[in-house]
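Worksheet: the structure to be examined is printed underneath.
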Protein chains: 2
Amino acid sequence: MDKEKIDKKDHILDVAERVFSEKGFDGASTRLISGEAGVNMAMLNYYFGSKEGLFLAIFERKISSFQDILQNLGNDDSIGAWNKMEKYIEMYGEKVVNNNCFQKLLYQEMSMNRSTDLSYKLRDMLMKSITELDKILREGIANGEFKKDIDIPMVIAALYGTKNYIINTPMMSSPLLGYDINDDNMIETRLKPQIKSFMKNLLKSYLHN
Amino acid sequence: MDKEKIDKKDHILDVAERVFSEKGFDGASTRLISGEAGVNMAMLNYYFGSKEGLFLAIFERKISSFQDILQNLGNDDSIGAWNKMEKYIEMYGEKVVNNNCFQKLLYQEMSMNRSTDLSYKLRDMLMKSITELDKILREGIANGEFKKDIDIPMVIAALYGTKNYIINTPMMSSPLLGYDINDDNMIETRLKPQIKSFMKNLLKSYLHN
DNA sequence: TTATATCAATCAATCGTTTGATTAAGTTTG
DNA sequence: CAAACTTAATCAAACGATTGATTGATATAA
């Protein structure tokens, strides 16, 4: 029954991820989480030790899948920097729809500005993607593809910030964009292409000579 | 003693604004807030009725000062759309440093995606600024200053999202930018000029023909 | 039997809130 | 002026409710 156990733990983590992202860590009670997951309250402590242990487990589960996704993109010499940027934006835009709850939760935790092991681990994880993007931008400057005076940190902030703004504040972005951001179908058919297209156009005109 | 009473209420609101922005609504206990403010716990209920009343009072106080700041900018026919954009970015960038805690709190509340009176009121408040920006962009398209195929909602999202990303996740943006985002002096001397300059350059190249 | 899984019941701690007493400050009255 | 009254401000203490966590009993499966 090892399979079922893992499935049940995974189910709890799925539910907890959603509830935490909706209510925040303090706002989500263990009773609510266990209730929504359809398990006894004591199961949370049985499986994860504590509420914080459950919270950490949500991130532990995802961190591995976030590794090496954007890896070895900056080390490829066969394509130009702008091509790499486009690939980065493509892959990045693809991850927008998936892991919606987790992205929200991740950003929420980073906003707390806590000096915890989790925060540092998440920062390091995110920094890996950012470093890759930084590498691409530097390469583009070095080989003359991009202007010399572009503001690399701000480009990165614009890319990540724009996405976060849209998915974290659907109450603003939905009327702004004209469709429901909470609708998975809309995200797939409209938001993803729109973000990708806009980011490419926006950065193309800014970066290029 | 009306003066002193207002000052004390204002002091409590200042402290509560900071504590709420740091810990979130549920994470900030009334004991902590009253303790940090140096007042008896019962004073919070005496002045504001309840914890939620205190929370609301924080926004009520600021909402008025957010009105008409970006007003009648879009109705001025004497200057071009791009000039208006620059003015908007200037004013907007200026508000970055001020109301740092409040901006964080505001974004936090909007991220909760709650269907409360407060959320709707805040949305309407923010929409006023956005509508003004929208008007400027449409005007620029209409008079040929800007390209016809610019993505207006995404431009708005990029402008607001970039700022939010930087001030809400100092743990990321500080190492990224190379200076401490939590330092008020650094915000004034470096961040504000950098955001303004970048946003102008970024949008100029994207919007213009 | 042994080990794991699940449950209702309960724990101490903390939460937001209320209370009743006390102080401070004005206002009225004699 | 001063004594009496009124109102607002402040406080320590306690309230009931909810929190995260634990217990010991029970069920299940190897």
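As the structure is a prediction and not an experimental result, all values here were calculated from the model. In the text below, chain A, chain B and the rest are named by the order of the sequence lines, each starting its count at 1. Side chains included, hydrogens not; waters and symmetry mates left out as well; all remaining heavy atoms used.
By the 4.0 Å N-to-carboxylate-O rule, B:E86 lies too far from B:K204 to be salt-bridged with it. At a threshold of 4.0 Å, the pair A:R61-A:D10 counts as salt-bridged, since one of the basic side-chain nitrogens sits closer than that to a carboxylate oxygen.
Every ring-ring contact (aromatic ring centres under 6.0 Å, His included) that B:F55 has, sequence neighbours left out, goes to B:F20, B:F25, B:F59.
With rounding to whole Å, A:K9 atom NZ is found 16 Å from C:dT6 atom C1'. Rounded to whole angstrom, the span from the CG atom of B:N45 across to the C1' atom of C:dC15 amounts to 12 Å. The separation between B:K51 atom NZ and D:dT19 atom P is 12 Å, rounded to whole Å. Rounded to whole Å, atom C1' of C:dT17 lies 16 Å from atom CZ of B:F48. Straight-line distance from the CG atom of B:L44 to the P atom of D:dA12: 14 Å, rounded to whole Å. The CD-C1' distance, from B:E52 to C:dC15, rounds to 15 Å in whole Å. Whole-Å rounding puts the A:L54 CG to D:dT19 P distance at 16 Å.
Within the 4.5 Å cutoff, the side chain of B:M186 has no heavy atoms near those of the B:I181 side chain.
Residue A:N40 places no side-chain N or O under 4.0 Å from the OP1 or OP2 atom of C:dT6. Residue A:K8 places none of its side-chain N or O atoms closer than 4.0 Å to OP1 or OP2 of C:dA5. Taking 4.0 angstrom as the limit, A:Y46 places none of its side-chain polar atoms (N or O) nearer than this to OP1 or OP2 of D:dT22.
For the pair A:P153 and B:L177, the tightest heavy-atom approach, listed with the atom from each and the gap, is CB-CD2, 3.6 Å.
Comparing D:dA12, D:dT22, D:dA21 by their nearest atom to the side chain of B:A42 picks out D:dA12. The side chain of B:M43 sits closest to D:dT10 out of C:dG16, D:dT10, C:dT18. Ranking D:dA14, C:dT10, C:dT6 by closeness to the A:M41 side chain, first place goes to C:dT10.
Side-chain atoms of B:K163 and B:Q103 include a donor-acceptor pair closer than 3.5 Å.
For DNA chain D, the neighbouring residues in residues 19-33 of chain A, judged by any heavy atom under 4.0 Å, are A:A28, A:S29, A:T30, A:R31.
Separation of the B:Y206 and B:F146 ring centroids does not fall under the 6.0 Å cut-off.
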